[in-house]
Number of protein chains: 2
Amino acid sequence: MFIGEFHHTIDDKGRIAIPSKYREILGKNFVITRGIEHCIYVYPSDTFNHIVTKLESLPFTKKDARAFTRFFMSGATAIELDKQGRVNIPSPLSLYANLSKKCVIVGTGDRLEIWDEEAFDEFMSSCNDEMSDIAENLFEEKI
Amino acid sequence: MFIGEFHHTIDDKGRIAIPSKYREILGKNFVITRGIEHCIYVYPSDTFNHIVTKLESLPFTKKDARAFTRFFMSGATAIELDKQGRVNIPSPLSLYANLSKKCVIVGTGDRLEIWDEEAFDEFMSSCNDEMSDIAENLFEEKI
DNA sequence: TATTTATCCCCCACTTTTCCCCACAATCTA
DNA sequence: TAGATTGTGGGGAAAAGTGGGGGATAAATA
């Protein structure tokens, strides 16, 4: 399970270090792709394949299914870590997530998310106030 | 069950001692994460895992689910006590809870909460007067 | 086809952070 | 009063993150 928040930097060669705590969970091969809030998702291969299976069960005759599948699959790249535990972010993804030098890597259970630091701060502060309301309505019963 | 209120200090390395009365309940491994009112939650692993299971049942295609999961999971860190019974508060959490030197650790049943002392005093005095109204709507029947 | 250019990846080195251990002071208990 | 427990402070080793050089491979151009 991925949890935690790490602040790393992208160097001039476009590399970013994956936090060492995540490396053993991710394994040697994994997948990165576009995420929904202009961030980048990082999935272990198994998890990614599972989601793909789900997406493929949607009919291509539905507009939303086509759009989301295109969004999700076209952004995906199979990744291997270099020996220092770093990855190269493909430039289309880097552009999509608006990555500058300072990034945030967060664990959200079954995946990692890579955010531009500024965007992440903005997201967090924007939902701090709502979080009480959001939590209020997530579950009806005691969890 | 966690009850009580303790006033401890964070040292220059960001460490805070867990009150010894809580240590045996927490066990050797537990989890700290962001709490809703700008405080830090401390959960025994079992309790945390239970909540995570509930969260993972929500689809990532729902916005509120993504937001809350991100909020809750990204703040989380698995903790082991050092030999002095202290924990390291990760700096993102420390910032979130606005922790300075003096902190309050309170038991609230199934979890602990770590507050900045000043924020805790403020919260307590701010809702003391409303408590009558708050209590009014909690239950419909005798408890 | 040959030469140049660019990209990727490995290696080495440095800095910073983290974690573990030891020590001391204050409080509590017998 | 002596000993044990609890909270606090700090030193040092190990690990993690960061930056840059250089060689191999692939792509581009003449």
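Reminder, nothing fancy here: chain letters follow the sequence lines and each chain counts from 1.
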Worksheet item: Salt-bridged, Glu37(A) to Lys63(B), with N to O below 4.0 Å?
Response: no
Item to complete: Check every strand shown and say whether Ile10(B) touches a base, only sugar-phosphate, or nothing at a heavy-atom separation below 4.0 Å.
Response: nothing
Worksheet entry | Nearest-0.5 Å distance that lies between atom OH in Tyr43(A) and atom OG1 in Thr33(A) | 8.5 Å
Worksheet item: Using 4.0 Å as the upper bound for N to carboxylate O, is an ion pair formed by Arg111(B) and Glu113(B)?
Response: yes
Worksheet entry | Integer-rounded Å distance: dT8(D) P and Phe6(B) CZ | 12 Å
Fill in: Most 5' of Ser91(B) and Gln84(B) on DNA chain C, judged by nearest nucleotide
Ser91(B)
Worksheet item: Could you walk me through whether Tyr22(A) and Phe2(A) pass the ring pair (Phe, Tyr, Trp, His ring centres under 6.0 Å) check?
Response: CA-CA 7 Å; Tyr22(A) 297 149; Phe2(A) 299 109; 5.6 Å; yes
Worksheet item: Would you say a side-chain N or O of Arg15(A) is under 4.0 Å from OP1 or OP2 of dC10(C)?
Response: no
Practice prompt. Give a yes/no on whether any side-chain N or O of Ser20(A) is located under 4.0 angstrom from OP1 or OP2 of dT18(C).
Written response: no
Discussion item. From CZ of Arg86(B) over to P of dT8(D), roughly how many Å is that when rounded to an integer?
Written reply: 9 Å
Discussion item. Need one value for Asp82(B): base, sugar-phosphate or nothing, where a base atom within 4.0 Å counts as base even if backbone is also close, heavy atoms only.
Written reply: nothing
Worksheet entry | Separation of atom CD1 in Ile16(B) from atom C1' in dT6(D), rounded to whole Å | 14 Å
Worksheet item: With respect to the phosphate group of dG17(D), does any side-chain polar atom (N or O) of Arg23(A) fall under 4.0 Å of OP1 or OP2?
Response: yes
Practice prompt. Take atom NZ of Lys21(A) and atom C1' of dA16(D), then tell me their distance rounded to the nearest Å.
Written response: 11 Å
Discussion item. Measure NZ/Lys83(B) against C1'/dT5(D) and give the value in whole Å, please.
Written reply: 16 Å
Worksheet item: To the nearest angstrom, how far is Ile89(B) atom CD1 from dC19(C) atom C1'?
Response: 15 Å
Worksheet, complete the sentence: Separation of dG17(D) atom C1' from Tyr22(A) atom OH, nearest Å, is 15 Å
Worksheet item: Rounded to the nearest Å, what distance is computed from the CG atom of residue Asn88(B) to the C1' atom of nucleotide dG10(D)?
Response: 14 Å
Discussion item. Ring-plane angle category for Tyr96(A) and His38(A), please: parallel below 30°, perpendicular beyond 60°, tilted otherwise.
Written reply: parallel
